[in-house]
There are 2 protein chains.
Amino acid sequence: MAFRSEILIKLDKKGRVLLPAAFRDELPADDRGAFVLYHSPNVPGVVNGNSRLGFDAMLERLRAEALGPKGSLKVALDDEAFDPAGYLSAGARTIAMEPDGRFSMPAEFVEALDVADGVMLVGKVEKFQLWNPARWQARRAAEREKMAAFVRNLSAGDAGGEA
Amino acid sequence: MAFRSEILIKLDKKGRVLLPAAFRDELPADDRGAFVLYHSPNVPGVVNGNSRLGFDAMLERLRAEALGPKGSLKVALDDEAFDPAGYLSAGARTIAMEPDGRFSMPAEFVEALDVADGVMLVGKVEKFQLWNPARWQARRAAEREKMAAFVRNLSAGDAGGEA
DNA sequence: GGCTTTCCCATGGTATCCCATTGTATCCCG
DNA sequence: CGGGATACAATGGGATACCATGGGAAAGCC
């Protein structure tokens, strides 16, 4: 289960989007047919996607780390305390696909992405992202720089480097 | 079974509210048709909702963790001791839905929420919440800040943050 | 008997189902 | 190994079903 590649998919006039086969194949075998979309917690204009299992697992890890072992009761009762899992959940939607792998994109995500006729789907290992195609190009260019710098750093910090 | 998304629902002049299909689908298959509303124990103006099963399970965990193994017997007999589960129960109401998913909102909750023509339904994983739409917007904005801070904290130890 | 609650029907919009088309990748066969 | 046959991925579109909502009428309730 690892999402890879970037794929540009049409957003048709009925608001439908195809989850590419490459991504569908990464959903759990017992839960194809539906997945989760949720707003990025810290980057406006980015929507994340994951399998229901993957999303729920992330929420669980989140609560475990944020609240400790006895957190479950507190989270269930305390409506005042900030609950990161609850926050993500509020910005998430379960998406059911048609048998052919298409789904109708909720208006809130169309707005957030500001897409009109195409969506860029990007694999990020344990999740995937939806981007406005143009914004993704910009982001990608910026990340290329960072990646190059990151690799340079790696070799600089190593003991002796390559032979 | 996990409640997600935020949905604004009309409160019509007859006092009826629709539980959105997205939430109805999360109710236990053998107990659609009814659910539980209860006042938030610590945030005025917030009403929580859950399936009957979910609510009862929470009460049970509450008694188990708050009162220990002998709690149930004590609770049954000791009317002097404070019983948080009993407190919640008193502020709760079982709500029967019409076949189309609508229910008439009890006046006590309308007052508590101070809603006139719309209610915001918010998925919080194992329960959902009802909010006054305006108040929810404010709360949501505040939580966005906290979420961003939370994410920043997480990445503090990582190599190569966003800066 | 006035008022609220419940049942039922109506409607506009959206989503879903199903069928069709095109292009590409895969397979099979000699 | 070429060439056509086949399967599937991505897209378009008509018809239908369902969601959210409004409102009339019947059925309670002091």
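As the structure is a computational prediction, the values presented were derived from the model and not from experiment. So that the names make sense, note that chain A is the first sequence line, chain B the second, and so on, each numbered from 1.
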If you draw the axis of the six-membered ring of A:Phe55, does the NZ or CZ of B:Arg4 fall within 45° of it and under 6.0 Å from the ring centre?
->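 No cation-pi geometry.
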Can a salt bridge be assigned to the pair A:Asp83 and B:Lys146 using a cut-off of 4.0 Å between side-chain N and carboxylate O?
-> no
Hey, are B:Asp30 and B:Arg52 close enough for a salt bridge, meaning a charged N less than 4.0 Å from a carboxylate O?
->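 Looking at B:Arg52 together with B:Asp30, the answer is no, because their closest N to O distance does not fall below 4.0 Å.
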Could you identify which residues of residues 31-38 of chain A place a heavy atom less than 4.0 Å from some atom of DNA chain D, listed by residue number, or say none?
->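 Hits under 4.0 Å, by residue number: none.
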Connected via hydrophobic side-chain network under 4.5 Å: [X] and [Y]:
{"X": "A:Val119", "Y": "A:Ile95", "value": "yes"}
{"X": "B:Leu8", "Y": "B:Val110", "value": "no"}
{"X": "B:Trp136", "Y": "B:Leu18", "value": "no"}

Please identify each residue that fulfils salt bridge (Lys or Arg N to Asp or Glu O under 4.0 Å) with B:Asp114, with sequence neighbours left out.
->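 None.
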Nucleotide interval of DNA chain C bounded by contacts with chain B (heavy-atom cut-off, under 4.0 Å) =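 Both ends considered, the range comes out as C:dT6 to C:dC8.
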d(CZ, A:Phe103; P, D:dT11) in whole Å = 12 Å
Per-nucleotide protein contact string for nucleotides 15-30 of chain D (B base, S sugar-phosphate only, - none; heavy atom under 4.0 Å) = B----SBBBBB-----
Which value, rounded to the nearest 0.5 Å, describes the distance between B:Leu53 atom CG and B:Met58 atom CE?
->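 Between atom CG of B:Leu53 and atom CE of B:Met58 there are 12.5 Å.
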CZ/B:Arg61 to CG/A:Leu77 distance, rounded to the nearest 0.5 angstrom?
->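 Reported value, rounded in 0.5 Å steps: 8.0 Å.
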Given ring-ring contact (aromatic ring centres under 6.0 Å, His included), test B:Phe103 with B:Phe35 step by step and report yes or no.
-> CA-CA 10 Å; B:Phe103 60 95; B:Phe35 62 97; 5.1 Å; yes
Aromatic ring pairing B:Phe128/B:Phe23, orientation class (parallel under 30°, perpendicular over 60°, tilted between) | tilted
Of all residues at least two apart in sequence or in a different chain, which pass the side chain to side chain contact (heavy atoms under 4.5 Å, CB included) check with A:Lys10?
-> none
Base-pair map of DNA chain D as dot-bracket, where | denotes pairing with a different strand and pairs are Watson-Crick or G-U under 3.5 Å | ||||||||||||||||||||||||||||||
